[in-house]
Amino acid sequence: MRQTFKKGERLHSKKFIENLFSEGQSFYLYPFKIFYLNSESRQNYPAQILISVSKRSFRKATERNKVKRLVRETYRMNKEKLYNRREESKGQLLIGLIYTAKTIMTYAEIERKIILILQRLIEQDEQAAG
RNA sequence: CAGCCAGGCCGUUCUAUCGCUAUUUAUUCCGGUGUUUGCCGGCAUGAAUAGAGGAAAGUCGGGACAACGCAGAGCGCCAUACUUCCUAACAGGAAGGUUCCGCAUGAUGCGGAAACAGCAAGUGCCGCAGAAAAUAACCGCCUAUGUCGUAGCUUUUGUUGAGGCAAGCCAGCCUUCGCUAAAGCUACGGCAGGCAAGGGUGAAAACGCAGGGUAAGAGCCUACGUCUUGCUGUGGUGACACAGCAAGGGGGUAAACCUUAUGGGUUGCAAGACCAAAUAUCCCGGCGAUUAAGGGCUGCUCGUCCGAUGCCGGUGGGUAGGUUGCUGGAAUUGCACAGUGAUGUGCAAUCCAGAUAAAUGAUAGAAGCCUGAUAAUUAUCAGGAACAGAAUCCCGCUUACAGGCCUGGCUGACUC
RNA sequence: GGUCCAGUAGCUCAGUUGGAUAGAGCAACAGCCUUCUAAGCUGUCGGUCCCAGGUUCGAGUCCUGGCUGGAUCA
């Protein structure tokens with residue numbers, strides 16, 4: 001599977017974002033707070049993701065960009081298992097990742113955390129299905 | 001060669017793998033349309049090309065562009081403030097003037113700073129201290145002038161109060177005498193008045209200093225100095241400089257109100273235009289219904305336009321997708337010419353980000369750079385790489401910044 | 001992205017037209033009262049007036065630049 005990250009894989013609809021934060025479930029896995037919601041309307045990709053870094057944590061735009069790029073890159077490299085799991089289901093999974101740490105973590109650290117998060121999302125999905 | 005100051009410039013590069021955005025192009029599939037090989041739109045995949053800054057930042061000036069009706073007048077408000085020039089414009093820049101500061105010096109030179117129009121148009125303010133903080137007068141100085149009082153002196157008038165001369169009486173005469181009145185002079189004091197030299201304060205004290213002058217004094221007068229305004233001459237486009245003449249008399253504060261001159265209509269790409277979607281002319285309160293309420297993005301007034309299925313406020317509901325504006329421009333690079341310079345002109349070449357929960361990246365390695373250590377002029381090891389991310393565009397300013405390069409000046413050391 | 005506003009004691013706020021020890025309430029601390037606590041009374045402490053520069057004799061106040069926080073516009 002290709003490790004792409006197109007625009008269709010990014011969550012950008014204002015309506016869906018409001019639904020995600022008002023109706024979605026959430027859990028916390030340092031340094032991220034994760035929101036997720038199984039939407040019924042299926043589009044081209046099995047999941048859409050939103051990455052948020054607060055202006056309170058990082059005042060400078062360069063630092064926020066740096067963190068978002070690292071998170072996006074690790075998600076792109078490791079999303080394959082989640083996609084495989086969601087392949088059969090009709091709905092679309094909306095994911096919101098909020099970075100809450102005050103310092104910039106390294107690529108390896110973020111990658112480890114993202115893998116854990118994706119595993120947990122898969123488990124949650126299996127529970128919902130079963 | 002090193003250090004300091006000023007100005008200008010640059011502000012990492014390459015390879016591999018995996019990605020993102022835009023444009024062009026090819027193919028498959030889907031949708032719409034059409035009588036076929038067509039046209040339009042979308043998803044995916046492949047290829048090519050391009051893809052953050054000197055400040056992209058702060059949003060402090062100024063414009064382009066757009067809307068406000070095709071915006072008109074007055075007041076208000078705001079901004080600017082030595083001169084000339086540059087620029088589309090500016091609170092920007094260049095060159096110069098003036099004042100102040102620093103360094104060196106025999107004149108003078110070099111460098112830096114300046115919200116640099118007007119308190120000498122009016123008004124206001126200047127705590128405490130101090131006599132006084134602005135048409136002065138508390139202490140003090142003066143008594144020229146006016147007036148009153150006291151004392152003394154002189155002159156004159158009157159008086160027999162005292163004394164004397166003379167004498168029989170009436171009268172008379174005399175005085176370093178007294179008294180009375182007037183005038184004058186002198187001294188002292190009071191009042192009116194004159195003066196601002198001196199007075200320990202204060203951030204600041206009513207031009208400085210010398211002589212004259214006066215009752216005492218004072219720019220009151222004069223010379224010199226300093227300053228302001230006006231005029232003339234010379235030089236300069238001009239600010240201004242130099243010289244002369246005349247008048248003047250001066251506390252500070254305009255980043256106090258203000259005056260003078262000049263400029264500014266207001267709001268901003270979330271401006272604005274178009275397409276699609278969505279519904280509720282629900283309900284409550286207020287105003288008005290033709291002499292009109294109210295509104296039209298301007299602080300007020302006037303003017304002007306719209307205005308009856310009307311307007312304003314509240315509550316509640318729906319939609320919040322896309323296209324355009326949007327990047328070819330006061331553009332970039334090179335050369336030549338003009339100008340002290342900012343800058344301008346001409347020619348040639350080039351097209352150089354357009355994202356939208358917001359792309360321009362991640363990982364690994366190498367090169368070069370900086371710092372430290374070890375051996376000694378080159379290697380090895382370890383660490384580091386600043387400030388910072390386009391959002392309509394442009395010109396400036398300001399602020400942040402590792403390291404490096406160039407030019408000029410000054411200082412020091414060494415060599416010749 | 002545009003526009004606008006604010007910053008004073010630990011907290012919430014005053015502070016006039018520049019003028020000298022920057023005030024008030026709550027809080028904190030100490031004492032009185034009470035068997036003790038609360039309440040009450042008395043007193044004390046506590047300030048880089050967001051930062052830097054300028055104007056002025058003098059700046060919380062005026063001007064310029066910066067920092068931080070907030071509001072608002074489809």
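Within every chain, numbering begins at 1; the chains are lettered A, B, ... in the order of the sequence lines, protein sequences first and strands thereafter. Being a predicted model, the structure only gives us computed values, none of them experimental.
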When you match Thr106(A) and Phe21(A) each to their closest nucleotide on RNA chain B, which lands nearer the 5' end? Phe21(A)

Taking CG from Leu50(A) and P from rU356(B), how many angstroms apart are they, rounded to a whole number? 15 Å

Syn or anti: how is rA261(B) classified when any glycosidic angle within 90° of 0 counts as syn? anti

Taking only side-chain N and O atoms of Thr62(A), does any of them lie within less than 4.0 angstrom of OP1 or OP2 on rG389(B)? yes

With C1' as the reference atom in both, quote the distance from rG69(B) to rU266(B) in angstrom, rounded to an integer. 15 Å

Any non-hydrogen side-chain atom of Ile104(A) less than 4.5 Å from a side-chain atom of Phe58(A)? yes

Looking at Arg59(A), does any N or O in its side chain come under 4.0 Å of the phosphate oxygens OP1/OP2 on rG69(C)? yes

Does Lys7(A) place a side-chain N or O at less than 4.0 Å from the phosphate oxygens OP1/OP2 of rA357(B)? no

Could you tell me how far apart Lys68(A) (NZ) and rU360(B) (P) are, to the nearest whole angstrom? 10 Å

Could you check how far CG of Asn65(A) sits from C1' of rA390(B), rounded to whole Å? 11 Å

Look through every strand shown and name the nucleotide pairing with rG307(B) as Watson-Crick or G-U wobble, where both distances are under 3.5 Å. none

What distance, rounded to whole Å, do you find between the two P atoms, one in rG199(B) and one in rC141(B)? 15 Å

Between atom CD in Glu111(A) and atom C1' in rG361(B), what is the gap in whole Å? 16 Å

Tell me if the side-chain of Arg72(A) makes a donor-acceptor pair with the base of rC20(B), cut-off 3.5 Å, by modelled atom types. no

Arg64(A) CZ to rA56(B) P, in whole Å, measures 19 Å

Scanning all shown strands, the Watson-Crick or wobble mate of rA330(B) with both distances under 3.5 Å is none

Pair Arg76(A), Glu73(A) - check salt bridge (Lys or Arg N to Asp or Glu O under 4.0 Å), show working. CA-CA 5 Å; Arg76(A) 180 172 71 80; Glu73(A) 201 69 13; 2.2 Å; yes

Grab the CZ-C1' distance between Arg69(A) and rA362(B) for me, whole Å please. 10 Å

Can you check whether Lys55(A) has a side-chain N or O nearer than 4.0 Å to OP1 or OP2 of rA357(B)? no

Check each of Ile114(A), Leu116(A), Ile98(A) against Phe32(A) using the side-chain contact (heavy atoms from CB on, under 4.5 Å) test, and report the only one that passes. Ile114(A)

Smallest heavy-atom separation, Ala47(A) atom then Tyr83(A) atom, equals O-OH, 3.8 Å

Separation of rA362(B) C1' from Ile110(A) CD1 (nearest whole Å): 11 Å

Presence of Tyr45(A) side-chain N/O under 4.0 Å of rA44(B) phosphate oxygens OP1/OP2: yes

The side chain of Thr4(A) lies closest to which of these nucleotides: rA388(B), rU45(B), rU363(B)? rU45(B)

Taking the same atom, C1', in rG396(B) and in rA342(B), what whole-Å distance lies between them? 14 Å

P gap between rC188(B) and rG211(B), integer Å: 30 Å

Side chains of Ile51(A) and Tyr75(A), heavy atoms from C-beta outward: is any pair under 4.5 Å? no

Crowding at NZ, Lys33(A) (>12 non-hydrogen neighbours, <6.0 Å): no

Syn/anti state for rG54(B) [syn: chi within 90° of 0]: syn

Syn or anti for rU323(B), with syn set at within 90° of 0? anti

Between rC381(B) and rC405(B), how far apart are the P atoms? Round to whole Å, please. 27 Å

Syn/anti state for rC287(B) [syn: chi within 90° of 0]: anti

Mind telling me if rU56(C) is syn or anti? Syn here is a glycosidic angle within 90° of 0. syn

The reported gap from NZ in Lys68(A) to CG in Asn65(A) (rounded to nearest 0.5 angstrom) is 6.5 Å

Look at Lys66(A) and rA362(B) and indicate whether a side-chain polar atom (N or O) is within less than 4.0 Å of OP1 or OP2. yes

Hey, does the side-chain of Glu73(A) have a donor or acceptor N/O within less than 3.5 Å of a partner on the base of rG361(B)? yes

Who is the Watson-Crick or G-U wobble partner of rC401(B), with both distances under 3.5 Å? none

Distance check, C1' atoms only: rU99(B) and rC125(B), in whole angstrom units. 28 Å

Would you say Arg85(A) and Asp125(A) make side-chain contact, with heavy atoms under 4.5 Å? yes

Whole-Å gap separating C1' (rC18(B)) and CZ (Arg76(A)): 5 Å

Distance test, side-chain N/O of Lys6(A) to OP1/OP2 of rC20(B), below 4.0 Å: yes

Counting any heavy atom closer than 4.0 Å, what does Ile51(A) reach on the DNA or RNA strands: base, sugar-phosphate only, or nothing? nothing

Under 4.0 Å between a side-chain N or O of Arg10(A) and OP1 or OP2 of rA358(B)? yes

Say you pick atom P in rA246(B) and the same atom in rG212(B); how far apart are they, in whole Å? 26 Å

Strand partner of rG313(B), provided both Watson-Crick or wobble distances fall under 3.5 Å: rC284(B)

According to the Watson-Crick and G-U wobble definitions, with both distances under 3.5 Å, which nucleotide is paired to rC1(B)? rG412(B)

Pairing partner (Watson-Crick or G-U wobble, both distances under 3.5 angstrom) of rG152(B): rC185(B)

Could you work out the separation of rG328(B) and rC62(C) based on their P atoms and round it to a whole Å? 48 Å

Partner of rU44(C) by Watson-Crick or G-U wobble geometry, both contacts under 3.5 Å, or none? rA28(C)

Assign each of Leu11(A) and Phe5(A) the nucleotide of RNA chain B bearing its closest heavy atom; nearer the 5' end lies the nucleotide of Phe5(A)

Measure the shortest side-chain to side-chain distance between Val71(A) and Val53(A) over non-hydrogen atoms and say whether it is less than 4.5 angstrom. no

Pairing partner of rC245(B) (Watson-Crick or G-U wobble, both distances under 3.5 Å): rG230(B)

